[in-house]
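Comments concern the structure below.
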Amino acid sequence: MGEKYKLAQKTKAIDKTIIRIGDINIGDGSFIVIAGPCAVESQEQIINISYEMKESGANMLRGGVFKPRTSPYDFQGLGMEGIQFLLEAKDKTGLPVVTEITDASQIDALQNVDVLQIGTRNMQNYSLLKEVGQTRKPVILKRGFASTIEEFLLSAEYILMSGNENVILCERGLRTFQQGTRYLLDFSSIPIIKEKTHLPIIVDPSHAAGRADLVGIFSELAMVAGADGIIVEVHNEPSKALCDGKQALSIHEFNNMMKKLKKRYEFEMTQHA
Ligand code: PEP
Ligand code: MN
């Protein structure tokens with residue numbers, strides 16, 4: 001009861017929040033898969049990938065158009081033009097779309113996107129949190145890569161406090177001394193967050209791993225830990241990706257992972273029955 005995050009904390013009255021996006025429910029015990037490229041690279045690329053994602057059983061499509069890159073010399077995303085391509089992919093496949101917002105000035109341009117993503121670098125951009133809180137659009141809030149769970153939940157609180165109840169938390173890994181993976185995926189945050197809040201939480205295995213070969217096992221571990229879903233990077237030609245190619249699954253690899261996840265989900269259901 002005594003948590004600082006008054007609205008995010010679990011109470012007797014509110015023990016879970018289910019977020020509805022079209023006919024998808026996040027937080028109802030199902031396992032949602034959001035998949036697509038790190039960045040929208042062209043009209044053809046995002047439309048082709050979107051058909052493949054739909055075919056493989058993904059629930060939503062991701063694709064960044066405003067890319068927060070570490071180096072200012074790297075591909076920064078297609079910007080406004082990319083939004084149109086993403087919305088075309090949505091129209092063609094019916095898949096709801098997720099994209100990152102990096103500045104409040106983009107809110108109007110993103111009005112037809114289904115879910116706004118706040119990236120790890122912006123988790124503590126409190127003015128941006130308040131602005132997306134003014135909308136009623138579902139928000140995926142990624143954990144800062146050097147943030148405690150309490151800081152993470154207080155960031156969610158900014159969005160909730162501004163009136164937007166549709167917050168989906170996302171664990172995406174922390175910066176530590178270990179170098180085996182790009183970030184250290186903090187699976188422990190999942191049961192802790194489930195205990196402390198009513199908000200759904202998904203996992204981003206791609207940015208945590210930084211390498212495609214670990215994405216499948218991290219996704220299964222996320223499911224076992226109790227996550228409500230994953231957001232995963234997939235590319236039609238990972239070696240040629242303009243952004244985050246090393247961690248992108250090929251379409252074939254994504255298909256295989258989906259089959260394994262389906263089996264794992266069925267097994268988990270027998271355990272909880
Ligand atoms: C992304 O999803 O492409 C991304 C930049 O993620 P993060 O903010 O977790 O690094
Ligand atoms: Mn990426």
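Every number for a ligand or one of its atoms is a count from 1 in the order of the listing.
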Are any of the N/O atoms in D204 less than 3.5 Å from those in ligand 1? no
Can an N or O of E100 be found at a distance shorter than 3.5 Å from an N or O of ligand 1? no
Would you say [X]'s side chain and [Y]'s backbone share a donor-acceptor pair under 3.5 angstrom?
{"X": "D114", "Y": "I21", "result": "no"}
{"X": "R143", "Y": "L141", "result": "no"}
{"X": "E171", "Y": "I202", "result": "no"}
{"X": "E253", "Y": "S250", "result": "yes"}
{"X": "K90", "Y": "N112", "result": "yes"}
{"X": "D204", "Y": "H207", "result": "yes"}

Does at least one non-hydrogen atom of C38 fall below 4.0 angstrom from an atom of ligand 1?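 In this structure, C38 qualifies as a contact of ligand 1 - some heavy atom is under 4.0 Å.
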E233, N/O/S atom nearest the Mn ion (ligand 2): OE2
Which N/O/S atom belongs to D244 and is the closest one to the Mn ion (ligand 2)?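 Among the N, O or S atoms of D244, the one closest to the Mn ion (ligand 2) is OD2.
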Closest protein heavy atom (residue, atom, distance) for [atom]:
{"atom": "atom 8 (O) of ligand 1", "result": "T120 N, 2.8 Å"}
{"atom": "atom 10 (O) of ligand 1", "result": "R172 NH2, 2.8 Å"}
{"atom": "atom 7 (P) of ligand 1", "result": "K142 NZ, 3.4 Å"}
{"atom": "atom 4 (C) of ligand 1", "result": "H207 NE2, 3.4 Å"}

F187 and F218 aromatic ring geometry - parallel, tilted or perpendicular at 30°/60° bounds: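 Because their plane-to-plane angle is over 60°, the rings of F218 and F187 count as perpendicular.
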Below 4.0 angstrom from a heavy atom of G119, which ligand 1 atoms are there? Numbered from 1 as shown, please. 8 (O)
Which atoms from ligand 1 have a heavy atom of Q117 less than 4.0 Å away? 1 (C), 2 (O)
For the NZ atom of K67 and the CG atom of D74, what is their distance to the nearest 0.5 Å?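 Reported to 0.5 Å precision, the distance equals 11.5 Å.
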Look at the N, O or S atoms of H207, main chain and side chain alike, and state whether any lies under 2.8 Å from the Mn ion (ligand 2). yes
